[in-house]
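Order of the sequence lines fixes the chain letters, A, B, ..., with proteins taken first and strands second; residue numbering starts at 1 for each chain.
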Number of protein chains: 2
Amino acid sequence: MTAAANQNGRRATASRRLERAGIRDVAAAAGVSITTVSDALNGKGRLPDETRSRVREVAERLGYRPSAAARTLRTGRSGLIGLTVTTYGEEPFTFTEFAYFAEMARAATSAALGRGYALVVLPASSRHDVWGNIALDGTVVIDPPDQDPLVTELYRSGVPVVSDGKPGNCPVTAWVDNDHEAAVLGILEHLSEAGARRIGLLTGTSTDTYTRLSTEAYLAWCDRVGQEPVYEAYPAHDPAAGAVAADRLLARPDRPDAVYGLFDPNGTDLLAAARRYGLRVPEDLLLVCCSESDVYANTEPPITTLSLKPRRIGTTVVNLLIDAIEGVDAGSGSVPGRLFPPRYRTAGTGPPPGTLMPTELIVRASSQRRSPRTTISPPRPPGEV
Amino acid sequence: MTAAANQNGRRATASRRLERAGIRDVAAAAGVSITTVSDALNGKGRLPDETRSRVREVAERLGYRPSAAARTLRTGRSGLIGLTVTTYGEEPFTFTEFAYFAEMARAATSAALGRGYALVVLPASSRHDVWGNIALDGTVVIDPPDQDPLVTELYRSGVPVVSDGKPGNCPVTAWVDNDHEAAVLGILEHLSEAGARRIGLLTGTSTDTYTRLSTEAYLAWCDRVGQEPVYEAYPAHDPAAGAVAADRLLARPDRPDAVYGLFDPNGTDLLAAARRYGLRVPEDLLLVCCSESDVYANTEPPITTLSLKPRRIGTTVVNLLIDAIEGVDAGSGSVPGRLFPPRYRTAGTGPPPGTLMPTELIVRASSQRRSPRTTISPPRPPGEV
DNA sequence: CTGCGTCGCAGATACGTTTCTCCATGACTG
DNA sequence: CAGTCATGGAGAAACGTATCTGCGACGCAG
């Protein structure tokens, strides 16, 4: 009795219900062994082209689709990458990072797909059973909080983790972040050159890297140039709180004559607040905010924005992760030219490799006094209308 | 020789490298069989609580995590749902649907997670090998084009498919869509009541359901009330083309005194175009556009928008899909009270079940000739789905 | 005619679960 | 005391693939 007949028999005996064709069925139909089918379809082994194409044809005819689960089990690779986003509240995405996140996720999806991987969106707050039930080859973590237990567990269980945002106190394989310090300093300098005398900051109360580094850079700058810090912090995940904070900032006795807002909605909120106080932008108030939205190109006046270039970040993060996945799995091997040799995973070699990416300041009318020429209008005392 | 020793021996013989603890290791450590471990951890079988908790404790101590791949292979369920978005160009998301898609995806992710599933983002244009490599329990398809081959193949291979957007000519398990006809008629009526004499439309050139139904409803209305249609169509996926089309529309000799724009950026584009032509909004031109963005609450003037309520759609779509997945798999069974009995999957029983969901018109200053004081702009309830 | 290398493929095993089947053991009933 | 039943658990068969090992046949040199 041939093996094919045997296996086919077992199949038929077990159940004669509708079943998707398996590799065994293809083997039987083509009159070859399972090995041959596998080799033919995956381009491995030593087979004459004739056999290869015949097997392929039979597989096609039978509508054979290899079982992803079986392949994953066998190879240990699922082709799945987790995209973890830290959550505030029960919604999976942070509201304030929304445009940033959307763009970044889009780029990450593209990049992953281009290398044969797919992305699974997994809020960090997900039920643990969901996390455990998915075979992930690696994970991208967006802005992990300090001591993120999730990241720690993932890393310990051997899953490569690359974070968007310099990680606080958890081990990651690699990380990517903007140069927030340089970005903030650039903006402050830009505003100063435009004539700002007292620059205020609209910042957040949370402790993520972005908020922290940006605020620190602002405070350091204030200290250096001798300006008293003027800032308001609010819970960035609360969409209503931003408008209130913007209002508070402009209502202060030491009202700033220029403001940088760290979050996307700050631009419109500040603009609305300025209107309420009868402040003209940019004459009485210079405005910059961090945003990926191009609505700020069409506001009245258009608002200068800082772009974190999320597409670039998303692409980089995914590529680093996949490099790590494929590099690590080549494992203790001596594959030359690997971008990410295994040593990156070993502990004790110091901090994980990080990449700083530049930001881009898109200068519009809101941060330029007069016509965007070279002349700088004389500074104006705050409060004057 | 006991089974445990045997299996342990095999394990140790095979390789003594670092390996994640498997169910066998737990069984050996707890001094029970594999069956018992599986039953204890999954809450099945007949076991005294003492054994159960002991096994759980051992598993915890060993850091045991069941292999998702093995479980998927065995049970046939991966807990993964595909989220497919039709693409124009190479970017995975359609630009014009962006805010809609983002909100919808967010809600879908939440809903799926709440029921123990995770979402995989899969552009329809993905490399076929990526599609084939993922074990999906079902798929959500956003606005499938007519005769979508992908959907057809998925459906044929037995994967439940639920579409957002009434499907053209491809078989799906179920679908959800807005009542676009009612929405457009409502807007036209609203504009008429505000005093519009000639209502124009800014529409798209693509053939997706949304564009088609909306345009048809507009044309039908024109026919009924005896107005000559005044519209401009442009490729909605091209962000630059919208502004040009808006300009064209207002430059026509038969310039409309009210415009409805089908796509998100139309509001700002129309506003800018109106400014260029010296038209005041709403005095000379009434404006409504379809958008999920709340920037239109703060434009000058605020613009009336039609919300498609993407959160509600996303939630509904996912729930329908999971109902189908779990209902189908209970299979030929006689499980009572199933929301989606298997009969929905059988062919020949007519069109698949569809659900129409209402839209919401958020009336703002741009579509009201008189003082907008009397009407109350509905505040967004924070917990709204 | 023997030994050897290559070609083309078949067998068997392992991946790590879930689950069906079945066997002890004791308790209880008649 | 024999039969029945519930209890607690063990064994083994899948799930569908990839891959390691090995084997017959064939060509060719010695």
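For A:D39, there are no side-chain hydrogen bond (donor to acceptor under 3.5 Å, both in side chains) partners two or more places apart in sequence or in a different chain. Residues that satisfy the side chain to side chain contact (heavy atoms under 4.5 Å, CB included) test with B:N133, not counting sequence neighbours, are A:R71. Residues that satisfy the side chain to side chain contact (heavy atoms under 4.5 Å, CB included) test with B:T72, not counting sequence neighbours, are A:A69, B:S78, B:A135. Taking B:S38 as the reference, nothing meets the side-chain hydrogen bond (donor to acceptor under 3.5 Å, both in side chains) condition, with sequence neighbours excluded. For A:R115, the salt bridge (Lys or Arg N to Asp or Glu O under 4.0 Å) criterion is met by A:D323, A:E326, not counting sequence neighbours. Scanning for salt bridge (Lys or Arg N to Asp or Glu O under 4.0 Å) contacts around B:D129 gives B:R127, with sequence neighbours left out.
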Side-chain polar contacts of residues 59-66 of chain A - donor-acceptor pairs under 3.5 angstrom, sequence neighbours left out - could you list them?
{"unit_1": "A:R65", "atom_1": "NE", "unit_2": "B:E153", "atom_2": "OE2", "d": "3.1"}
{"unit_1": "A:R65", "atom_1": "NH2", "unit_2": "B:E153", "atom_2": "OE2", "d": "3.2"}

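Considering every non-hydrogen atom in both B:V37 and B:V32, the closest pair reads CG2-CG2, 3.8 Å.
Interface residues of residues 50-70 of chain B facing DNA chain D, ordered by number: B:T51; criterion, heavy-atom separation under 4.0 Å. Residues from residues 40-49 of chain B with heavy atoms under 4.0 angstrom of DNA chain D, sorted by number: B:R46, B:L47, B:P48.
If you take CG of A:L73 and C1' of C:dC15, they are 4 Å apart, rounded to a whole angstrom. Atom CZ of B:R24 and atom C1' of C:dC15 are 9 Å apart (whole Å).
Taking 3.5 Å as the limit, the base of D:dT17 and the side chain of A:T75 contain no donor-acceptor pair of atoms between them.
For A:R74 and D:dT19, the shortest distance from a side-chain N or O to OP1 or OP2 is not below 4.0 Å.
Listed nucleotides: D:dA10, C:dG16, D:dT19. Nearest to the side chain of B:T36: D:dA10.
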